[in-house]
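Shown next, in structure tokens, is the structure this report addresses.
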Amino acid sequence: MSALAETPPKDASPAAAPHVAAAPAAAAETPAHEDSIMRWALLGGLPSTIVALVLLWVNDYTAKVQWSLTAVCLFFWLWCAITIRGRILLPLQTLSGLLGALREGDFSIRGRRATRSDALGDVLFEINDLGEILRTQRLGAEEATLLLRTVMTELNVAIFAFDNDERLVLLNRAGERLIGQTAGSSLGRSASQLKLDECLRSPEFVRTLEMTFPVGVGRWEIRRSSFRNRGVAHQLLVISDLSRALREEERQAWQRLVRVLGHEVNNSLAPIKSIGESLEELLNCEPYPTDWREDMQSGLSVITARAAALGRFLSAYARLTRLPPPTYAELDVAALIRRVVGTETRLGVKLLPGPELTIAADDDQLEQLLINLIRNAVDAALETGGGVSVGWVVAPTRLEIWIEDEGSGLPNTSNLFVPFFTTKKEGSGIGLALSREIAEGHGGTLTLENRTTGRGCIARLQLPLSKPPDSAV
């Protein structure tokens, strides 16, 4: 078996590589004849030569015949040995070269004239396939690495990687801006020299710190994790600026606050101003109209009512912003629901039985939440003459309390929990927002949606069965 090595074009794609490996198959016709000769030489030629020499010299032949036939046999034996050496040694050298290329990372070399007629040919085919697989895998790894580096470069968060000696081995463009140094001047430096040692030695993997960097003073979120590269432990440090995001959220919150407050204050001040001007004109009239007392009393009543409404609005807003954290204690769920249902006297609320259990929660806050939900459900049911039902079920980790009403339903549920949004004429728009704050303060959720089995709405309050971690006791 003769074997050579060829190198596919460097720009050959993985799809074209099988064609490169299979191209020399046409040359397999020539070694097929040589293979039969080699097999004959191994199985019959050499043994036959030895037997012939023994018979030649033990029989009574002339010396000329003996030496002539011996020379022919030796020449034939030498030819067989050279052929066998070429058919074994050269393929082994080719295999050695291919394995050396694989060891050096050159996966483009392929063996030629490989056949499936012997073991060495099978090995050559397998090495060719292995080289193609390794080349495809390396190409995919290089493309993935390039994509990762591109993503890291474009990220707006600072990324640093430190080796086991806390020396910087990688950073992105945002990291260069954060420390005020280029990659060329910062790679290889220690974390203490870069003033990042406090971030690496923190016992917490995620924390928020007030730190000073060349870009300025701010509030930063520090995320630390570990990874291994070539068997060596590394630390990955991700630093993101929270100050900018917090300032943007704060600005939007102030804009919403000013917009809401401005709307409500203008709704009250506009009629007060108009009525005040009318009363001033009335007092400047000489003589006074006969019904001036009635006009004066009516105008002052409107001013008083609008001032009272503005005061209620500001009081409700202050109540929303001053909601304290829940104080946890053992709470009997069934007793709480029965007590809240008993406070509603306008309509008989149907209480469905549920499991007896206790949870850790704030009794006062949950009572206020359920009062708001049941009151809203009764208000909706009174408009249509429907009913209200309350029940609760227990899941493996959560408690769900539901309140159903047979009211007219809600045309739009997207703004229900927006503060000061209300569908009632006399509503303040604060009840549902406050209820959701209470639910989320307990680690739960509150949803309100239209029923699918009939008219009306259903409110679902979900609470954890156990107290959330780091909560007040």
Side-chain angles (χ1 to χ4, degrees), residues 323-411 413 416-417 422-424 427-428 430-469 471-473:
L323 179 67
T327 302
Y328 286 89
E330 291 296 323
L331 176 62
D332 188 335
V333 175
L336 171 65
I337 297 177
R338 284 194 292 266
R339 186 171 68 248
V340 173
V341 169
T343 61
E344 181 57 60
T345 58
R346 296 175 297 166
L347 182 67
V349 177
K350 182 179 180 182
L351 180 60
L352 301 179
E356 298 288 337
L357 78 156
T358 59
I359 62 172
D362 189 312
D363 190 351
D364 295 334
Q365 290 190 6
L366 286 188
E367 182 176 358
Q368 181 62 46
L369 186 157
L370 293 176
I371 288 175
N372 289 338
L373 295 180
I374 293 177
R375 181 181 300 166
N376 288 341
V378 171
D379 289 341
L382 289 176
E383 295 179 358
T384 60
V388 175
S389 57
V390 180
W392 70 97
V393 293
V394 178
T397 60
R398 302 184 73 81
L399 162 70
E400 179 179 313
I401 303 174
W402 50 268
I403 298 98
E404 284 187 349
D405 67 72
E406 296 177 348
S408 58
L410 295 168
T413 60
L416 288 177
F417 296 99
T422 180
T423 58
K424 303 178 183 179
S428 63
I430 204 70
L432 285 178
L434 182 63
S435 299
R436 187 178 64 173
E437 290 292 328
I438 294 174
E440 293 178 350
H442 283 76
T445 60
L446 175 62
T447 60
L448 182 64
E449 58 189 3
N450 290 319
R451 296 172 57 193
T452 58
T453 57
R455 65 177 184 177
C457 299
I458 179 170
R460 288 188 175 91
L461 170 64
Q462 293 189 352
L463 298 171
L465 296 179
S466 59
K467 183 183 68 175
S471 301
V473 179

Per side chain to side chain contact (heavy atoms under 4.5 Å, CB included), Ile374 is matched among Val340, Leu347, Thr343 by Val340

Of all heavy-atom pairs linking Leu446 and Arg436, the shortest is CD2-N, 3.8 Å

To the nearest 0.5 Å, atom CD1 of Ile359 lies from atom OH of Tyr328 at 9.0 Å

*asked:* Between Arg460 and Glu449, does the salt bridge (Lys or Arg N to Asp or Glu O under 4.0 Å) criterion hold? Intermediate values first, please.
replied: CA-CA 9 Å; Arg460 288 188 175 91; Glu449 58 189 3; 2.5 Å; yes

Q | Glu344 (side chain) donor-acceptor with Arg346 (main chain) under 3.5 angstrom | A | yes

Only pairs under 3.5 Å count here: list side-chain donor-acceptor contacts from residues 381-398, not counting sequence neighbours, and write none if there are none.
unit_1 : atom_1 : unit_2 : atom_2 : d
Thr384 : OG1    : Ala381 : O      : 3.4
Thr384 : OG1    : Glu406 : O      : 2.8
Trp392 : NE1    : Pro355 : O      : 2.8

* To do: Side-chain contact test, heavy atoms from C-beta onward, threshold under 4.5 Å: evaluate it for Leu336 versus Asp332 and give yes or no.
  => no

To the nearest 0.5 Å, atom CD1 of Ile401 lies from atom CG of Leu373 at 9.0 Å

In short, Asp405 meets Ala377 closest at the heavy-atom pair CB-O, 3.6 Å

Should Asp363 and Arg339 count as side-chain neighbours, where that means a heavy-atom distance under 4.5 Å?
yes

When every non-hydrogen atom of Pro326 is compared with those of Gly441, the smallest separation belongs to CG-O, 3.5 Å

CG of Leu399 to NE2 of His442, rounded to nearest 0.5 Å, is 11.5 Å

Here the pair of heavy atoms bringing Ala439 nearest to Leu461 is CB-CD1, 3.7 Å

Cys457 and Gly409 have their tightest heavy-atom pair at SG-CA, 3.7 Å

Value for CD1 (Ile403) from CG (Leu370), rounded to nearest 0.5 Å, stands at 6.0 Å

All heavy atoms of Asp362 vs all of Thr327, minimum pair found to be OD2-N, 2.7 Å

Could you go step by step and tell me if Arg375 and Val378 meet the side chain to side chain contact (heavy atoms under 4.5 Å, CB included) rule? CA-CA 5 Å; Arg375 181 181 300 166; Val378 171; 5.9 Å; no

Chi angles and distances behind the side chain to side chain contact (heavy atoms under 4.5 Å, CB included) call for Ile438, Asn372: CA-CA 11 Å; Ile438 294 174; Asn372 289 338; 5.8 Å; no

Check your understanding: Is it true that the side chains of Asp364 and Gln368 contain a donor and an acceptor less than 3.5 Å apart?
Key -> no

